[in-house]
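Since this is a predicted model, take the numbers as computed values, not measurements.
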Amino acid sequence: MRVVVDLNRCQGYAQCCYAAPDAFVLRGHEILFYDPTPPAGQRGAIERAVQACPVRAIRLQAGADDGDAP
């Protein structure tokens, strides 16, 4: 799985940080740090973060660990 965040769309609401604190960290007022290729064990939390984002800035893409081409 691959996490893609549209940083132009992200408004720093930090809902992803609450839904998946091991995957997303907000530093300062608007600087979002995340791992674009997180471990498969974080998938559930990251899917919750995708749904929690009020501006839909986060999406998941299939990766090699999903059995699909990236």
Evaluation steps, side chain to side chain contact (heavy atoms under 4.5 Å, CB included), between Ile31 and Leu26: CA-CA 6 Å; Ile31 303 170; Leu26 194 62; 5.6 Å; no
Tell me, yes or no, whether the heavy-atom count around Tyr18 atom OH, taken from other residues, nucleotides or ligands under 6.0 Å, exceeds 12. no
According to side chain to side chain donor-acceptor pair (under 3.5 Å), who are the partners of Glu47, at least two apart in sequence or on a separate chain? Arg43
Measure the spacing between OG1 of Thr37 and CD of Gln42 and express it to the nearest 0.5 Å. 10.5 Å
Test of understanding: clusters of I, L, V, M, F, W, Y form through side-chain heavy atoms closer than 4.5 Å, transitively. Do Tyr13 and Leu32 belong to the same one? no
Please report the closest heavy-atom contact between Ile46 and Phe24, naming both atoms and the distance. CG1-CE1, 4.3 Å
Donor-acceptor pair, Arg48 side chain versus Cys16 backbone, under 3.5 Å? no
If I compare all heavy atoms of Gln15 with all of Pro54, which pair ends up nearest, and what's the gap? CG-CD, 4.0 Å
Results of side-chain contact (heavy atoms from CB on, under 4.5 Å) for Pro21 - residues two or more places apart only: none
Closest non-hydrogen atoms of Pro39 and Met1, given as atom of the first, atom of the second and distance, are O-CE, 3.6 Å
I'd like to know whether Ile58 forms a side chain to side chain contact (heavy atoms under 4.5 Å, CB included) with Val3, so could you lay out the CA-CA distance, the side-chain angles of the two residues, the decisive distance to 0.1 Å, and finally the verdict. CA-CA 7 Å; Ile58 307 167; Val3 177; 4.1 Å; yes
To the nearest 0.5 Å, what is the distance between CZ on Arg59 and CG on Asp6? 8.0 Å
